[in-house]
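Step one of this worksheet: look at the structure below.
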2 protein chains.
Amino acid sequence: MAGKASGARGKRPQRPGAPRLSAEAQSGEPALSLERIVAAAVELLDAEGVDGLTMRKLADRVGAGAMSLYWHVDNKEAVFDLALDSVLEYREPPQAGESQDWRGEVLHMLEDWRASMLRHPWSAALLPRRALGPNILLRLELLGRTLSRAGVADADLNVALWSLWNHVMGATITRASFERSDDDLAAAQQRLTGLSERYPTIERSRLLLDNDWDGTFRDGLDFLLDGLAPKR
Amino acid sequence: MAGKASGARGKRPQRPGAPRLSAEAQSGEPALSLERIVAAAVELLDAEGVDGLTMRKLADRVGAGAMSLYWHVDNKEAVFDLALDSVLEYREPPQAGESQDWRGEVLHMLEDWRASMLRHPWSAALLPRRALGPNILLRLELLGRTLSRAGVADADLNVALWSLWNHVMGATITRASFERSDDDLAAAQQRLTGLSERYPTIERSRLLLDNDWDGTFRDGLDFLLDGLAPKR
DNA sequence: AAATCGCATCGTACAGCGTACGAGTCAATC
DNA sequence: GATTGACTCGTACGCTGTACGATGCGATTT
């Protein structure tokens, strides 16, 4: 039990007074911190994907030794948790909670949610294996409040929340899995057209090829809200 | 270019005539084969999860050396692909395609889909990162045919297919992410109740605690189909 | 009978991984 | 001046995926 607590770590304390400049670059980098680690992790994930994130590369990116990360972070899993949640930060628009247009509000929230995840495609792949961080919970909370104001009641609220969440998750994952490299995409298309006689309906609908993902998402959301609306 | 093709591998040929018994256990194991490898991979994933699958452990389980697997399989990623698709095999019920009850058919298909994935929780975590295998495509195809017979037209068919798919994927992933070990679950609950004043709506709805997942899935599906029905 | 060939198996080796451990530096405190 | 606690990091260990080449074996050809 030398220098670390159980759940969180050393967690650099608020600066006692001096800005803490060590022997290293005293004008460049603002010293190692949890925030910088998480930001670098997001960059690295954006650049190289889930498998591209290693503790050594992450340390390089913040100009530190690999083991220095472990003062600020429990382990690699925690890095994933933090990066994922940081990408899902949500800024509630100022007029929220007053408008009568609950449907418009829900739409905006979910579009923003989806856009945030598509901006970082690895987030879709990561989410199924991670716990729900505070930013995800906040988004669910605000969505729940809006639906509640719209008159959706107890059991229906539960179903509505999960259904909308499912729509966003499913759509994001689907979309992200189609954003592979061009090589993979070309190979996949060739593989599909080869089997087109076995899957004629899929072929005819061009479901997998030149899909309008944004439109499909919005239209599906409309159907869902249409089904939800009578219940309120 | 010694002994392997590019896409698929050596792929043991159809037995020339003799049952191929080598020096090893001549009565026990039916010799190494792609089928046995995939079956063992599913077992291992069921038992130890995604991170628990290593090529050495997999080889142990089929009683072979680690490198022997690579004759039958390109690499570890291919093992994941094969295991995932094998778990999603679908047996079409015999009377399919004749009933008038398209809604019942859709419900049955999607319940089965979800059940198959929940039986192997790792499949939900794996799916976002893997390509769509033939069994997934078959399920989509059959779903598309049913909707088509129900009168869902071009653009609507596309939206309907993806929306239903999204519902299954989202619900499965959500559900699977709540099936952690009891330790994790207890910790999560404590963490949540601690923050309950920040997320009152979520708290009140008991969204995350004792949810009736099966019911929520079915009810959400009903809402979705309610929204879809007028369009046919 | 002998040589050849293709399929299939596996031992060894290597680079890279997450991270345990303990030594080191430096500012603040006593 | 001595001590403490926050923080950094070099080294090392066990484990990973898999490249490479050696080996064995049944069938085919000579």
Side-chain angles (χ1 to χ4, degrees), chain A residues 1-6 8-26 29-37 41 44 48-81, chain B residues 1-6 8-26 29-37 41 44 48-81:
Chain A
M1 262 142 268
K4 39 155 135 179
S6 67
R9 224 34 102 100
K11 288 258 182 191
R12 99 249 67 102
Q14 27 275 50
R15 316 297 179 66
R20 182 81 175 79
L21 299 186
S22 81
E24 48 151 343
Q26 79 276 43
E29 315 267 315
L32 197 50
S33 74
L34 188 62
E35 290 79 7
R36 281 189 58 227
I37 292 176
L44 192 50
E48 308 197 26
V50 174
D51 295 332
L53 175 64
T54 74
M55 296 304 270
R56 281 175 243 252
K57 279 199 251 181
L58 181 54
D60 275 358
R61 203 169 257 260
V62 292
M67 293 313 292
S68 305
L69 302 177
Y70 286 88
W71 178 259
H72 304 270
V73 155
D74 269 355
N75 47 38
K76 192 185 180 180
E77 298 234 315
V79 176
F80 281 136
D81 283 340
Chain B
M1 258 146 265
K4 40 158 135 179
S6 68
R9 224 33 105 98
K11 291 257 183 189
R12 104 244 64 107
Q14 27 273 49
R15 315 296 180 68
R20 182 80 175 82
L21 299 188
S22 80
E24 48 152 346
Q26 79 276 45
E29 315 269 315
L32 196 51
S33 75
L34 188 63
E35 291 80 8
R36 280 189 59 227
I37 291 176
L44 192 50
E48 309 197 26
V50 174
D51 294 331
L53 174 65
T54 75
M55 296 305 270
R56 281 175 244 252
K57 280 199 249 181
L58 181 55
D60 275 359
R61 204 171 259 259
V62 292
M67 293 313 292
S68 305
L69 302 177
Y70 286 88
W71 179 259
H72 304 271
V73 155
D74 270 354
N75 48 37
K76 192 185 180 181
E77 298 233 315
V79 175
F80 281 137
D81 284 339

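In what follows, chains are A, B, ... by sequence order, proteins preceding strands, each numbered from 1. Because the structure is predicted, anything quoted here is derived from the model rather than measured.
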Rounding to a whole Å, what distance do you find between [X]:[atom1] and [N]:[atom2]?
X       : N      : atom1 : atom2 : value
A:Asp60 : C:dC17 : CG    : P     : 10 Å
A:Glu77 : C:dG18 : CD    : C1'   : 11 Å
A:Tyr70 : C:dA20 : OH    : P     : 7 Å
B:Leu69 : C:dC7  : CG    : C1'   : 16 Å
A:Ile37 : D:dC7  : CD1   : C1'   : 11 Å
B:Met67 : D:dA19 : CE    : P     : 7 Å
A:Asn75 : C:dT19 : CG    : C1'   : 9 Å
A:Leu34 : D:dA6  : CG    : P     : 16 Å

Exercise for review: Could you pull out all residues at least two apart from B:Met55 that satisfy side chain to side chain contact (heavy atoms under 4.5 Å, CB included)?
Suggested key: B:Leu69, B:Tyr70, B:Lys76, B:Val79
Check your understanding: D:dC7 phosphate, OP1 or OP2: any side-chain N/O from A:Ser68 under 4.0 angstrom?
Key -> no
Exercise for review: Check whether any side-chain N or O of B:His72 sits under 4.0 Å from OP1 or OP2 of C:dC7, and answer yes or no.
Suggested key: no
Exercise for review: Return the residues of residues 48-56 of chain A meeting this criterion: a heavy atom under 4.0 Å from some atom of DNA chain C. Order them by number, or give none.
Suggested key: A:Leu53, A:Thr54, A:Met55, A:Arg56
Review point. For A:Ala64, which contact category applies under a 4.0 Å heavy-atom criterion: base, sugar-phosphate, or nothing?
Key: sugar-phosphate
**Study point:** Per A:Lys76 side chain, nearest of listed nucleotides C:dT9, D:dT11, C:dG18
**Key:** C:dG18
Review point. Which listed nucleotide (C:dA20, D:dT8, C:dA8) is nearest to the side chain of B:Trp71?
Key: C:dA8
Revision key, fill the gap. When rounded to the nearest 0.5 Å, the distance separating CG of B:Leu44 from CZ of B:Arg61 is 5.0 Å
Point to revise | CG on A:Leu34 to CH2 on A:Trp71, rounded to 0.5 Å | key: 13.0 Å
Check your understanding: Okay, side chain of B:Arg36, backbone of B:Ala31: is any donor-acceptor separation there less than 3.5 Å?
Key -> yes
Contact summary for [X] and [Y], nearest pair of heavy atoms:
X       : Y       : value
A:Phe80 : A:Leu53 : CE2-CD2, 3.4 Å
A:Leu58 : A:Ile37 : CD1-O, 3.8 Å
B:Val73 : B:Asn75 : CG1-O, 3.1 Å

